[in-house]
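Taking it in order: structure first as structure tokens, then the write-up.
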Protein chains: 2
Amino acid sequence: MAILRPSITTGPDHNISDVPSVVIQRLPLYVRVLAYFEGNEYEMVSSEQLAGRLQMTPAQIRKDLSYFGKFGKQGRGYNVKRLAAELRRILGLDRSWNACLVGVGRLGRAIISYPGFQPEGFRVVAAFDADSALIGSEVGELKVDPLGDIPVKVRRLNIRIGIVAVPAQHAQGVIDRLVDAGIRAILNYAPIAAQVPPNVRVANIDPVLGLQSMTYYLKNARG
Amino acid sequence: MAILRPSITTGPDHNISDVPSVVIQRLPLYVRVLAYFEGNEYEMVSSEQLAGRLQMTPAQIRKDLSYFGKFGKQGRGYNVKRLAAELRRILGLDRSWNACLVGVGRLGRAIISYPGFQPEGFRVVAAFDADSALIGSEVGELKVDPLGDIPVKVRRLNIRIGIVAVPAQHAQGVIDRLVDAGIRAILNYAPIAAQVPPNVRVANIDPVLGLQSMTYYLKNARG
DNA sequence: GTTTGTGAATTCCTTCACAGCT
DNA sequence: AGCTGTGAAGGAATTCACAAAC
């Protein structure tokens, strides 16, 4: 039984710590479900309750948390606020992160106006495009800069994350530029398997892949 | 080393066949990379060549394909066109699939105009919203219908896929309605872990989760 | 009584390595 | 010589099950 989580790629074999990356990818889910319990005025939750809302087993949640410490109390469960704060700290979500967007076409503009990033501490502070007709124009609150400005802007604005929303045939080139500029985390909307060095992470957003594997089950379904 | 693939959820333990779902989720990647080789006029490719472009091992590709048959020739590799066609057939991509969109806010409208679905055979043929101010309006080429029309439209238009683009707090309710109407595959853009029966698949699209696990590595990076 | 944290057991997935075909 | 297909081996991730804590 798989669970809601994004797919993260890196270059050839690279795990910065000994915590399995599949565990790291589940932590944001725990943060999110803890926020739900916090909103519903729970003070304590058990691994059973957390698991129930995520369709996972309680053991998996406990095992995952055990990589980082002991956050619960036997017989009582976890303090919702404290566990949420600990996980946010572990994930680096106790601060904000600057990102830049490359590609301000239709998809890029939708990403800029996506309201889900800001409340989680992710700020898009620069936008780039290769199309000279777009350069200098305003998108949201941002002025569109040429790709050549990536290195300077990344340095000046302390940008750590690149968001790639360019056509497939330009995506690898853009990713290379971002990596050259020192970016180590890329949110990639282009339908390619990006080639990156081992110390760079790529999270791929690709609705078509999801649809294409679901049709297998639709086709073979018995009602 | 993880690889580009979406996360697919179902209800409690359910694998329609004995092919691991992780394998099913990789097949669309193979289809895509085969299209690349086809575009570059390759007639044959080896598992080594395919693996290279996907940052996987050749053995994994061969093993994955072996669940479905013998598509290669020793000493020569795979015929690009034939393997692509076989995989498309296996995945059910040799036909088109109708989908409906629920939620025509900013995100929903971006999804409707997303150009990636159509060429892969996915057609959004109906749109629904709860907001009576939107009902009856035109979005793209579609008229927006009320949620109550879901069952009828799903039946009449042979809709097999639901795309959910409503706010988190309404998502579970919408998903329940889709499931009641007979939908068995859901592309979910809402940031929730949907609860569905075992025979329903959910592919989650959630850029924030991706960012939130990458920050772990950014925080702990050594340059 | 309840629930955690964790070694041990199990299941699942990937890689190896080579026989067999072209 | 080159590459597939696959059983066997190895590795990774999940689940079990229970002692310890509350």
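Numbers restart at 1 for each chain; the letters A, B, ... are given by sequence-line order, proteins then strands.
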>> Measure CD1/B:Ile61 against P/D:dC3 and give the value in whole Å, please.
In response: 14 Å
> Which ones in residues 34-44 of chain A lie close to DNA chain C, meaning a heavy atom under 4.0 Å from one of its atoms?
Replying inline: none
> Got a second to check how far A:Arg123's CZ is from A:Trp97's CH2, nearest 0.5 Å?
Replying inline: 12.0 Å
> Quick one: is the NZ or CZ of B:Arg53 closer than 6.0 Å to the six-membered ring centre of B:Tyr36, and within 45° of its axis?
Replying inline: yes
>> Whole angstroms only, please: what is the CG-P distance between B:Leu54 and C:dT14?
In response: 14 Å
> Salt-bridged, A:Asp94 to B:Lys219, with N to O below 4.0 Å?
Replying inline: no
>> Could you walk me through whether B:Tyr217 and A:Arg184 satisfy the side-chain hydrogen bond (donor to acceptor under 3.5 Å, both in side chains) test, starting with their C-alpha distance in whole Å, then the side-chain angles of each, then the deciding distance to 0.1 Å, before giving a yes or no?
In response: CA-CA 9 Å; B:Tyr217 298 102; A:Arg184 297 291 173 262; over 6 Å; no
>> What is the separation between atom CD1 on B:Ile24 and atom P on C:dC12, rounded to the nearest whole Å?
In response: 16 Å
> Do you see a donor-acceptor pair shorter than 3.5 Å between the side chains of B:Asn158 and B:Asn98?
Replying inline: no
>> For nucleotides 2-9 of chain C, give me one character per nucleotide, 5' to 3': B if any protein heavy atom sits under 4.0 Å from the base, S if the only such contacts are to the sugar-phosphate, - if neither.
In response: BBBBBBB-
>> If the condition is side-chain contact (heavy atoms from CB on, under 4.5 Å), which residues does B:Ala59 pass it with, not counting sequence neighbours?
In response: B:Thr57, B:Arg62
> Could you give the distance from CD1 (B:Ile90) to OH (B:Tyr30), rounded to the nearest 0.5 Å?
Replying inline: 12.0 Å
> Taking CZ from A:Arg26 and C1' from D:dT14, how many angstroms apart are they, rounded to a whole number?
Replying inline: 8 Å
> Checking A:Ser46 side chain against A:Gln49 main chain: does a donor-acceptor pair fall under 3.5 Å?
Replying inline: yes
